[in-house]
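Presented below is the structure to which this report refers.
Below, all heavy atoms of this structure are taken into account, side chains as well, without hydrogens, waters or symmetry copies. Note on naming: letters A, B, ... go to the chains in the order of the sequence lines (proteins, then strands), and numbering restarts at 1 for each one.
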Protein chains: 2
Amino acid sequence: MSGPTVHDVAKAAQVSLATVDRVLNNRGGVSSKAEAKVKAAVAQTGYVRNMAAANLSRRRVYRFCFVVPSGDTGFVALLQAALERERDRLVEEQILIQIIPTHAFDVAGQVAALRNLDCDAVAIMASEAPEIQEEVSRLRASGVRVVTLVADLPQSDREAYVGLDNVAAGRTAAEFMGRFLGDSGEILMIAGSLSSRDHNERLMGFRRVMQERFQHLTLLPAVEGNDDAQSVERLVSEASAARPLVGIYAIGAGNKGLVRAVQKADAKPVTIVHELTPTSRQGLRDGTIDLVLDQDTSAAVVAAVRIMRDLTEGRDLPADTGKIRLNIFSRENIQ
Amino acid sequence: MSGPTVHDVAKAAQVSLATVDRVLNNRGGVSSKAEAKVKAAVAQTGYVRNMAAANLSRRRVYRFCFVVPSGDTGFVALLQAALERERDRLVEEQILIQIIPTHAFDVAGQVAALRNLDCDAVAIMASEAPEIQEEVSRLRASGVRVVTLVADLPQSDREAYVGLDNVAAGRTAAEFMGRFLGDSGEILMIAGSLSSRDHNERLMGFRRVMQERFQHLTLLPAVEGNDDAQSVERLVSEASAARPLVGIYAIGAGNKGLVRAVQKADAKPVTIVHELTPTSRQGLRDGTIDLVLDQDTSAAVVAAVRIMRDLTEGRDLPADTGKIRLNIFSRENIQ
DNA sequence: AACAAATTGATTGACGTACCTCAAATCACA
DNA sequence: TGTGATTTGAGGTACGTCAATCAATTTGTT
């Protein structure tokens, strides 16, 4: 009823079980002739290893860590929730998820967190600092598989990145901004931090499409909101007091402040923000926010786990691995 | 190292392994006192059943069927590809996927396919015909779990629907159409079939938002393209010859014809279509198509498998189960 | 107290794979 | 042909759970 087993392979290859085992788990000490026979038998019988039995036998437990910024609002809260959901689901598949919270810009703390890991693979969302890249190298050297999550560390030894194509996200934002805005006018771009890679990539994509396709719109110099509602509110208020804004592209967190400022402004600018949180969802509903570009945290976590598993099992990763789709939410399709 | 086992539970509950087993698999013949002790021990030790071992022991193999329309172009081809990918991946988790191709509108054939099933659960994409709903009831009665895929059969005995919220899809199309179009003008809606539920729901959503928010735009009566490129091309050509079209909402298949007609037309209408296929992708790239609303076939298949598994294991389904996210693609975010 | 019925315990053999040991067979090379 | 190295075979134990049997104990009823 269920597929062929190693016994069937051994029979088909006319060798002993031990030899099949040696080939399958390349333990060496097998003549090339025997190896060929076994491989042929595998192909012929259509044998696939029963992973459940294999893992059971070797008492294998996958231990994956997630080193991510903590917080109980906004994106990080969603990520946290997604992680906990997945953790509960994965226990019964013998996959143990450990969530290690850090502080968003605390490099030292992140390094410390990475230093004390004891697991097969780790997913990291951390600052792009040399100390952290070194830690990644150290982890890799000690046999831990490393993937980056949401924020990439492309210069590091990480083996995969799970998250958005941030340039494409910025380009998409610009496209919708341009198409929603018929007339000319000035657009405000607010990043969380101008020194973070992902925010910069979004800015870059946004700027480029604006320049390529919507030259009648004017981009104000990007400002830094520090992912903080109060700063964002002040920046938006000041900008729209100085001149009429037709559009706002908010790249980082702090949308609560953005919503407050937009509601007080005289004219309603086209507002595009990132991440579907309770705040931005409400903004969509009441019309303060026009579009939310979102990376699905659940999808990211699921993808990360899958990749970590593939890596620890020594499988090679499929081509499009880790690309998280950009979700676009408007008031008509918030779920 | 790995979690507590039944042995630990037995020890903690001060009962025998056999009693733990009786409670865990509710075989009956256990005093309520013992049952309580075991349950307390499970909670206290944090025991979770090792599914791999359980399935191995009872030699369980999940057998899931997918009864879906075949074809080598458009959406059904994508679905087919997604199914095959998942099938290959799932073999090693002891999940056997059988793909049973049918013809799109061949109700008799679909009924026949459903009649010969031998599996634990089935995912069906079929016409909304009484014969099929009866077949679904029969399957359910014989213990097969049934979910609908992409096209729902809400009147039937199916236990879950995996697919888009088609009303929301239509509403979203209307919103973007309205926002892209500043001026007034006439909009053409082309459905595949006016008698199919999903197409009707999309139309309904589209119409409603147009009426609620964009009354300066005029909707022409919906036409039927029969998911066929030639029909669609003819319909679009005729419509745009008769009057200037500012927008086209194409709900079904046949986008090849749509693209040809739009390219020949004098004025370029805002064009929104469904499903990201090679054709619509190309349309986005060359500017013929402005927006593609897509339901991710991979996501749908993965969700369906997960639900079928939950169902056959007797777990109850999470609340938001089966809702497939509406992906919105523009030329800047085709991946 | 006697007896049947209900409950509990002890034990066993799968499931498919990993991993180990020890002995037997085959090989390479002088 | 003999020696040592390499390759192969046979067999066992373990992983955690299921499913079953049979004996032992407790419980309830008269």
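A salt bridge links A:K39 with A:E35: at least one charged nitrogen is closer than 4.0 Å to a carboxylate oxygen. The pair A:R49-A:E313 does not count as a salt bridge, with every side-chain nitrogen at least 4.0 angstrom from each carboxylate oxygen.
Two residues are said to be in side-chain contact when any heavy atoms from C-beta on lie closer than 4.5 Å; A:P154 and A:E128 meet this criterion. The closest side-chain heavy-atom distance from B:R140 to B:E159 is below 4.5 Å. A:V122 has its side chain out of reach of A:I100: every pair of non-hydrogen atoms, C-beta onward, lies at least 4.5 Å apart.
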Heavy-atom contacts, protein to nucleotides 16-24 of chain C, under 4.0 Å, summarised as B (base), S (sugar-phosphate only) or - (none) per nt, yield BBBB-----
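The distance from the CG atom of A:N327 to the CG atom of B:N327 is 6.0 Å, given to the nearest 0.5 Å.
First and last contacting nucleotides of DNA chain D toward chain B (any atom under 4.0 angstrom from a heavy atom, 5' to 3' order): D:dG16 to D:dA19.
With a 6.0 Å radius and a threshold of 12 heavy atoms from other residues, nucleotides or ligands, A:E92 has its CD atom above the threshold.
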